[in-house]
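In what follows, a structure is listed as structure tokens, so that the remarks can point back to it.
Index from 1, following the sequence.
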Amino acid sequence: MTATIIDGKAIAQELRGNIAKAAAALTKEHGIVPGLAVVLVGNDPASEVYVKSKSKAVTEAGMKSFDHKLPADTSQADLLKLIERLNADKSVHGILVQLPLPSQIDSTLVLNSIDPGKDVDGFHPVNAGRLATGQRALVPCTPVGSVILAKKIHPSLSGMDAVVIGRSNIVGKPLAQLLLAENCTVTIAHSKTKDLKDVCRRADLLFAAVGRPEMVRGDWIKPGATVIDVGINRVPGEGGKTRLVGDVNYKEALEVAGAVTPVPGGVGPMTIACVILNTLRAACASAGLPEPKV
Ligand code: NAD
């Protein structure tokens, strides 16, 4: 058996096209141009690449991108002042502070200082609480993108057994909440879970968000299951180069699963698309408009 490969790159491209159309309609009908402020402190090369790709996606969708690049020795007080300014700026609908922040800055304090209505990363406790209680919320981008991919295979997830490996605030927990809202029966597995392989084998939908290269083997997967691999791990490749692998052994998964996401080209591109989706959603909510349909 060979699994269907879920093409996250193509699905993200299509989503970005739909977001651009919805943003153009918002501008035409309400005079609103969604704006995203991205704050980068320091010059971590991986963060710089990520920030650039976000800014590019924002402008390609017809939105405004405001980039704030601050030196690595920026004080916490100065960063908080910038967030305060962005919170008050009417042309900014979304604020994204790139993590990790330098050690002199308390990340939780900074993230909690973002106006929850502009928190396009969905990390603010107000948004986490809104998600958990079924209210309109800004939801972390990677879990949103992961569920969109699963729904490409199963338009209704209702009643399915879903297992999420990983319980981080950024991926595992919000993903479990989204799946619960889709009427899945959800199990959250983590580093202390007993018999992880057996737990995974029960899943109709298996989401791996661990950060351990190719941990999920073929015999952990129920035949025909849909496997969404969130992991991004750098491992040594040929000629001294590094290559990216997920948390799932892709080759083995292809033999057993019904559908599987590749790494790269699966969840990664969806995360960027969902950043601009959340910017659009934040812009609509700020104007008292209903959720955009994309
Ligand atoms: P994290 O380190 O915060 O959390 C990892 C989770 O995995 C923890 O909850 C831990 O309990 C669990 N875990 C660790 N070892 C385990 C084990 N042996 N068995 C079972 N569970 C175990 O990581 P995170 O931020 O949630 O990210 C997870 C992965 O997803 C990483 O590879 C990260 O790079 C990737 N990621 C990808 C995207 C994307 O856009 N595709 C976005 C965010 C994170």
Side-chain angles (χ1 to χ4, degrees), residues 19 23 26-27 30-131 135-144 168-171 173-174 271-272 274-289:
I19 297 166
L26 184 68
T27 306
H30 300 279
I32 300 168
V33 182
L36 175 69
V38 180
V39 181
L40 175 64
V41 186
N43 36 26
D44 173 60
S47 294
E48 277 181 350
V49 170
Y50 195 41
V51 161
K52 254 190 211 150
S53 58
K54 280 180 200 167
S55 305
K56 189 166 164 266
V58 167
T59 37
E60 277 176 12
M63 303 179 181
K64 272 192 207 138
S65 170
F66 308 98
D67 290 348
H68 296 267
K69 203 167 178 298
L70 308 179
D73 62 357
T74 300
S75 71
Q76 181 170 291
D78 282 348
L79 181 56
L80 289 173
K81 265 186 229 150
L82 172 62
I83 306 275
E84 207 177 301
R85 275 213 318 276
L86 297 174
N87 280 344
D89 186 337
K90 294 241 178 313
S91 60
V92 172
H93 302 95
I95 302 171
L96 208 150
V97 177
Q98 183 63 42
L99 299 176
L101 287 169
S103 58
Q104 75 274 15
I105 297 174
D106 177 346
S107 303
T108 307
L109 187 78
V110 169
L111 296 179
N112 288 359
S113 74
I114 296 173
D115 175 346
K118 298 190 178 190
D119 167 40
V120 285
D121 258 335
F123 295 161
H124 196 288
V126 166
N127 280 315
R130 286 178 161 269
L131 171 64
Q135 299 177 59
R136 189 171 176 176
L138 287 167
V139 180
C141 300
T142 301
V144 171
S168 71
N169 291 335
I170 294 172
V171 188
K173 281 186 209 158
T271 297
I272 303 269
C274 291
V275 170
I276 55 171
L277 174 61
N278 273 354
T279 306
L280 174 70
R281 295 180 63 229
C284 290
S286 75
L289 297 168

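With rounding to the nearest 0.5 angstrom, the CG atom of Leu280 is 11.5 Å from the SG atom of Cys274. From Ile272, atom CD1 reaches atom CG of Leu277 across 13.0 Å, with rounding to the nearest 0.5 Å. The NZ atom of Lys90 sits 9.0 Å away from atom OG of Ser286, with the distance rounded to the nearest 0.5 Å. For the atom pair CG of Asp89 and CZ of Arg85, the computed distance is 9.0 Å after rounding to the nearest 0.5 Å. With rounding to the nearest 0.5 Å, the separation of CD in Gln76 from CD1 in Ile83 is 10.5 Å. Atom CG of Leu40 is separated from atom OG of Ser47 by 6.0 Å, given to the nearest 0.5 angstrom.
The shortest side-chain heavy-atom distance between Ile19 and Met63 falls under the 4.5 Å cut-off. The side-chain heavy atoms of Pro102 and Thr74, taken from C-beta on, include no pair separated by under 4.5 Å. At least one side-chain heavy atom of Leu96 sits under 4.5 Å from a side-chain heavy atom of Lys54. Val126 places none of its side-chain heavy atoms less than 4.5 Å from the side chain of Asp119. Looking at heavy atoms from C-beta onward, Lys118 lies out of side-chain contact with Leu138 at the 4.5 angstrom threshold. Annotation: side chain of Thr142 is not in contact with side chain of Ile170 (no heavy-atom distance under 4.5 Å). Within the 4.5 Å cutoff, side-chain heavy atoms of Val39 are placed close to those of Leu70. For the pair Thr271 and Tyr50, the minimum side-chain heavy-atom distance is below 4.5 Å.
Across all their heavy atoms, Asn127 and Gly122 have their closest contact at CB-O, 4.2 Å. Here the shortest heavy-atom pairing between Gly42 and Lys69 reads O-NZ, 4.1 Å. When all heavy atoms of Ala282 and Gly117 are compared, the closest pair comes out as CB-O, 3.5 Å. The heavy-atom pair separating Ala61 from Ala23 by the smallest distance is O-CB, 3.7 Å. Across all their heavy atoms, Gly94 and Val120 have their closest contact at CA-CG1, 3.7 Å. Arg130 and Ala137 make their closest contact through CB-CB, 3.6 Å (heavy atoms, listed as atom of the first residue, atom of the second, distance).
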Residue pair Leu26, Leu289: steps toward the side-chain contact (heavy atoms from CB on, under 4.5 Å) verdict = CA-CA 10 Å; Leu26 184 68; Leu289 297 168; 3.4 Å; yes

Hey, mind stepping through His93 and Ile32 against side-chain contact (heavy atoms from CB on, under 4.5 Å) and telling me if it holds?
-> CA-CA 10 Å; His93 302 95; Ile32 300 168; 3.8 Å; yes

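In terms of modelled atom types and a separation under 3.5 Å, the side chain of Thr279 and the main chain of Val275 share a donor-acceptor contact. Judged purely by atom type and a 3.5 angstrom limit, Asn87 uses its side chain to pair as donor or acceptor with the backbone of Ser113.
Residues Asn278 and Arg281 bring a donor and an acceptor atom of their side chains to less than 3.5 Å of each other.
Applying the 6.0 Å contact sphere to CD of Gln104 captures more than 12 heavy atoms from other residues, nucleotides or ligands.
The residue from Leu111, Val38, Leu86 that alone fulfils the side-chain contact (heavy atoms from CB on, under 4.5 Å) condition with Val97 is Leu111.
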